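Data block below; observations after.
Just so you know, these numbers come straight off a predicted model, no measurement behind them. The chains referred to below are lettered A, B, ... by the order of the sequence lines, with proteins before strands, and numbering in each begins at 1. Any value given below was found using the heavy atoms of this structure, including those in side chains, with hydrogens, waters and symmetry copies removed.
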Amino acid sequence: MKGFIKKDILMMRSNLKILLVLFVLYIVMDFQGNSSLSFFLPVCSVVSMLSTFSYDDYNHWTSYAVTLPNGRRNVVKSKYITTFILLFLMSLCVGVFSSIIYVTKHYAINFSFIFENLFGSIVGALFVLDFMYPMIFKMGIEKARIAIFVGVFSIIILGGILIKYVDVSALSFLFSFFHGYGGILIFIIMMIFLSFLSYQISMLFYRKKEF
Amino acid sequence: MEIIISNSSGVPIYEQIKEQIKTEILSGVLKPGENLPSIRSLAKDLRCSVITTKNAYEELEKEGYIKTVPAKGSYIADINIELIREEQLKNIERFVENAVFLAKRNGVSKKELTEIINILYEEDEK
Amino acid sequence: MKYALEVKGLGKKYDDFELKDIHFSLPTGMILGFIGENGAGKTTTIKAILNMIQLDSGHIKIFGCDIKKETELAKEEIGVVLDDMFFPEILTPKDINVIMKDIYQNWDQTLFYQYINDFHLPLKQAIKTLSKGMRKKLEIATALSHHPKLLILDEPTAGLDPIARSEVIDLFRDFIQEKDCSILLSSHITTDLEHIADYIIFINEGTMLLSKTCDALLEEYGIVKCKEKEFKQIDKKDKVRFRKNRYEYEILIENKKEFKKKYPSSIIDKITLEDLMIFMLKGEVEK
């Protein structure tokens, strides 16, 4: 399993330059506007992970991997663990730099503000990835990409309709419910549950998949 | 030991191997008790399949020329070359007897017959 | 006899293709070669053995273990080269070593580097910069470096020039020097198989046409060339397949010795696996 994780990390090496450029860009933007850096993490983690899937499929690594010891299980497991490692590393970078930026801007430090921003972006990234993985494992990256696109598009449209026809302020109790540390705890539990569920579904699909 | 395999001769490869080892045994190049290469290394060196060399060794063993000890390998059996030679000579005598008989009956002279044998002998050596 | 691989009654149905009753066993220490056209079912059979597809029917045992029950048991002991399936091309041979060290318990780093060296492969260049032949060599090196007991190779010599092909075939010969090491390989370059395979299985349109030792095939089968008059004198059952050219008939026969006894004046040519394939697929059956 370690080998499979190493493979994904070694593959991301080739994205490293682009990621660095983007990171610098986001930092510059963050200095000018407000907390753009929190967008870096969800966008770049999703893109990085998707690119590993693309490379895998392009050279039929996924088929080859099935022939390796514990291939099927390790392919799925390693993607989830790589995701956690990536999110952890990215949140470290984002956390440190947002703090530095905050200090240079405000001559003070507000940890709860930084933490909430960071937490929000991790939740966002994880939500998208947990949603995508079972689809990718079921139908491969090419078809899954279209499905994801359609999915995201319909969510946006649905959201638009919701905002237009539903009194959003009526939903504000929901937001207040999620506020504060209790809310964070609920989110953490939800994310763990969601990841677990996503992992189980992916595994179910992949165990029977034909190559 | 020397073995030359021809892919175009039409003689099955295992038979070529068998016959050539036999010749080497009878001519004394390979001595009783001497080890033979394993079927795998012989197959590798001759660039043929393992089953081919296996067949050749099995036939040689059946005919009593070699012995195989499992997990140890094959070696030249303790055969009496003189005895085999004598037997083969008897065989040859029988054939020549026929030839002489036919020659005499058809008025072929001794000189003509030896001529035929000479020609056949040399042809084979080419 | 111990078997490295046993396949019984293998069946798999797709919309446009069906694999029917593939059955064979590969004794340990031997080499079995698949021949057949592209799309005949060689790769599908190999995928079934590697548990990449679900079987509709049949059983497969590797080293005596049913692959459905003990899927992962054998994989440590198998080395695989698949047609066009490998590591992502942005990785380097050095990366492969780093990765494989943690995938196979028996991964032998020194051996892998030895192969890389022998094959003159660059260590730190991305796979995508390598030629097709170099890639194939890298795949073979990877398949061999964890001391497997069984090699499963789908078209391992495809894309290699004659020199490289003979290098690779020699490597397989070295591999088979160990008594308990076996190889299953498919190739449409039949001359490669002629010089190395102990058993030959000929697959066409998902079914097995022939399954014999390579020696038996090459000894028993032959080609008879004759004129129309002679052609008509030969019994129908003695002609496995025939081809009519402008000036002569060519007949594929399956028992040279018997044929020679029955038709002493006939001239029988020896056969190659390629001839055999072409006759079986393109030749006519007399009605």
### Query
Is there a donor-acceptor pair closer than 3.5 Å between any side-chain N or O of B/Arg40 and the backbone N or O of C/Gly29?
yes
### Query
For C/Lys262, does the NZ atom have more than 12 heavy-atom neighbours from other residues, nucleotides or ligands under 6.0 Å away?
yes
### Over 12 non-hydrogen atoms of neighbours within 6.0 angstrom of NZ in B/Lys18
yes
### Query
What do you reckon, is CD1 of B/Ile117 surrounded by more than 12 foreign heavy atoms closer than 6.0 Å?
yes
### Query
Could you give the distance from CD1 (B/Ile51) to OG1 (C/Thr213), rounded to the nearest 0.5 Å?
5.5 Å
### Query
Do other residues, nucleotides or ligands put more than 12 heavy atoms under 6.0 Å from the NZ atom of C/Lys256?
yes
### Message
Counting only heavy atoms not in B/Lys67 (residues, nucleotides, ligands), do more than 12 fall under 6.0 Å from its NZ?
### Response
no
#### Entry: Euclidean distance, C/Ile196 CD1 relative to B/Cys48 SG, rounded to 0.5 Å
10.5 Å
### Message
Between C/Asp170 and B/Arg47 (salt bridge meaning N to carboxylate O under 4.0 Å), is one present in this structure?
### Response
yes
#### Entry: Which atoms of C/Phe172 approach chain B - backbone, side chain, both or neither, heavy atom under 4.5 Å
neither
### Message
Nearest 0.5 Å, please: how far is CD1 in B/Ile13 from NE2 in C/His195?
### Response
6.5 Å
### Query
Does the side chain of C/Ile31 come within less than 4.5 Å of B/Val50's, by heavy atoms?
no
### Query
Between C/Glu178, C/Glu219, C/Arg173, which has the largest tally of heavy atom pairs under 4.5 Å with chain B?
C/Arg173
### Task
Please tell me if the side chains of B/Ser49 and C/Asp198 come closer than 4.5 Å, counting only heavy atoms from C-beta onward.
yes
### Task
Tell me, yes or no, whether the heavy-atom count around C/Glu274 atom CD, taken from other residues, nucleotides or ligands under 6.0 Å, exceeds 12.
no
### Query
Around B/Leu89, counting heavy atoms of other residues, nucleotides and ligands shown, do more than 12 lie under 6.0 Å from its CG?
yes
